[in-house]
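These notes are about the structure you will find just below.
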Amino acid sequence: MSSVSSQPQFRYTQPPSKVLHLRNLPWECTEEELIELGKPFGTVVNTKCNVGANRNQAFIEFEDLNQAIQMISYYASSSEPAQVRGKTVYLQYSNRQEIVNNKTTADVVGNVLLVTVEGEDARMVSIDVLHLVFSAFGFVHKITTFEKTAGYQALVQFSDEETATSAKNALDGRSIPRYLLAEQVGQCSLKITYSAHTDLTVKFQSHRSRDYTNPYLPIAPSAIDSTGQVAVGVDGKKMEPESNVLLASIENMQYAVTLDVLHMVFAAFGDVQKIAMFDKNGGLQALIQYKDVQTAVVAKEALEGHCIYDGGFCKLHITYSRHTDLSIKVNNDRSRDYTMPNPPVPMPQQLGQNPYTGNPQQYHAAGGSHQQQQSPQGGWVQPGGQGSMGMGGGGHNPYMAPPSSSSMHYGPGGHMPPQHYGGPGPMH
DNA sequence: AGCACA
């Protein structure tokens, strides 16, 4: 028996059905508007909005077939077409006899939006751009992004349904403004539905997920992608292997960074055993060895993305090295072993490279220094632009203070009293 | 402006 298989997709005249197919609807036509439209002819018992590729079609189902017939007949002979918000709506009998009432989660209003970014370069749209776009409608609590078969998607959490709805109405089907995208990035449009979620779980700040309500949330080691060094562990499920040795690369090195500067910066978090500096790809990198992994983790989270000098100069990017023990052959201006009993090292040279004051006080270690604050943030410039964690409010230090016990004694050489550098001490 | 479901 093949009763329906040879039916054409549609005809100009469908056999009557209590289900009507509507097209040319305005964007985001609501169920209420559809009920309103059908009300003069009978009782609308079910609707389905946002149908079709453009989501500008819908179905309404009347209680009774005659009601549907009345509506079709009326508009067939009316001089005024059916309208929603002034837009002409075209009606016909549906080729089905009832609306399958799967109200998908996409139709249930909620405070979390499911956003699909469409376009060749959809993946080039950063979470920061999304944040910017959606923040226009209210405070964005959290964003997570992920890849599904549907493509590049994001969940955007607002505080309430109203805010989410205003964002959805305004942005669904729209393109991300050009000026927010890099030159070579093609058009990216947004398709938005409601998500069934009400509260997203964000374990780490990363390039894939953000919790804007919690600046103290740990930063995923993989969060910083500007140097393309790390790309694992996005959900906080998997992190790059931690190490007691950090690899620091210095970006925008407008001013010299010496071994002593690095030592000062990194010693704020605990004993630095060894440092080796070297040039790589035209930039300066350094390996900094702590005695344990924990200290390195604290230092990395505190320093990553921050600048040694105000003004965005000498920005640090830090990853874990695969080394565990550096082999320092000779102590010189590029490498040093602070654990050596009698290191033949000179006193630290004058650190006169500071572009502003000519003294090293400008940069002082993070971790709760209070003695010489010259800037409201305690000297560490907020990471700029991409990778910004959006923290900094409240005057709290977003990263942990290192244990003061281990940060106050240096190697046997003992030539650099840390107090001079405003290293972390007990808070007063 | 032309028929949904995940």
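Just the heavy atoms: all of them, side chains too, but no hydrogens, waters or symmetry mates, feed the values below. Letters A, B, ... are given to chains in the order of the sequence lines, protein chains preceding strands, and every chain is numbered from 1.
- Using a 4.0 Å cut-off on heavy atoms, the residues of residues 81-91 of chain A that approach DNA chain B are A/Y90, listed by number.
- Atom CG in A/N54 sits roughly 9 Å away from atom P in B/dA1 (whole-Å rounding).
- Atom-to-atom, CZ of A/R23 to P of B/dA4 comes out at 14 Å; the value is rounded to the nearest Å.
- For the pair A/I99 CD1 and B/dA4 C1', the interatomic distance rounds to 9 Å; values are reported in whole Å.
- Taking A/E162 as the reference, nothing meets the salt bridge (charged side-chain N to carboxylate O under 4.0 Å, His left out) condition, with sequence neighbours excluded.
- Separating the CD atom of A/Q14 from the P atom of B/dA1 is a distance of 19 Å, rounded to the nearest angstrom.
- Summarising the geometry, the separation between CZ on A/R55 and P on B/dA1 is reported as 18 Å, rounded to the nearest angstrom.
- Rounding to whole angstrom units, CD1 of residue A/I60 and C1' of B/dC3 are separated by 14 Å.
- Applying the salt bridge (charged side-chain N to carboxylate O under 4.0 Å, His left out) test to A/D199 and every residue at least two apart in sequence or in another chain returns A/K142.
- For A/R322, the salt bridge (charged side-chain N to carboxylate O under 4.0 Å, His left out) criterion is met by no residue, not counting sequence neighbours.
- Shown for residues 61-74 of chain A: no residue has heavy atoms falling under 4.0 angstrom of DNA chain B.
- Comparing A/E98 and A/N56 along DNA chain B, the residue whose closest nucleotide (by nearest heavy atom) sits nearer the 5' end is A/N56.
- Within the 4.0 Å cut-off from OP1 or OP2 of B/dG2, at least one side-chain nitrogen or oxygen of A/Q57 is found.
- With sequence neighbours left out, the ring pair (Phe, Tyr, Trp, His ring centres under 6.0 Å) criterion links A/F59 to A/H21.
- Regarding A/H21, its NE2 atom lies at a distance of 6 Å from the P atom of B/dC3, rounded to whole Å.
- Scored by the ring pair (Phe, Tyr, Trp, His ring centres under 6.0 Å) test, A/H141 finds A/F139 as partners (sequence neighbours excluded).
- A donor-acceptor pair shorter than 3.5 Å cannot be found between the side chains of A/S135 and A/Y212.
- For A/R96, the listed nucleotide lying nearest its side chain is B/dA4; candidates were B/dG2, B/dA4, B/dA1.
- Taking A/R55 as the reference, A/E28, A/D172 meet the salt bridge (charged side-chain N to carboxylate O under 4.0 Å, His left out) condition, with sequence neighbours excluded.
- Considering only side-chain atoms of A/Q92, the nucleotide from B/dA4, B/dG2, B/dA1 that sits closest is B/dG2.
- A salt bridge does not link A/K291 to A/D325: none of the charged nitrogens lies less than 4.0 Å from a carboxylate oxygen.
- In this view, A/Y90 satisfies the ring pair (Phe, Tyr, Trp, His ring centres under 6.0 Å) rule with no residue, not counting sequence neighbours.
- Taking atom OH on A/Y75 and atom P on B/dA1, their separation rounds to 18 Å, with Å as the unit.
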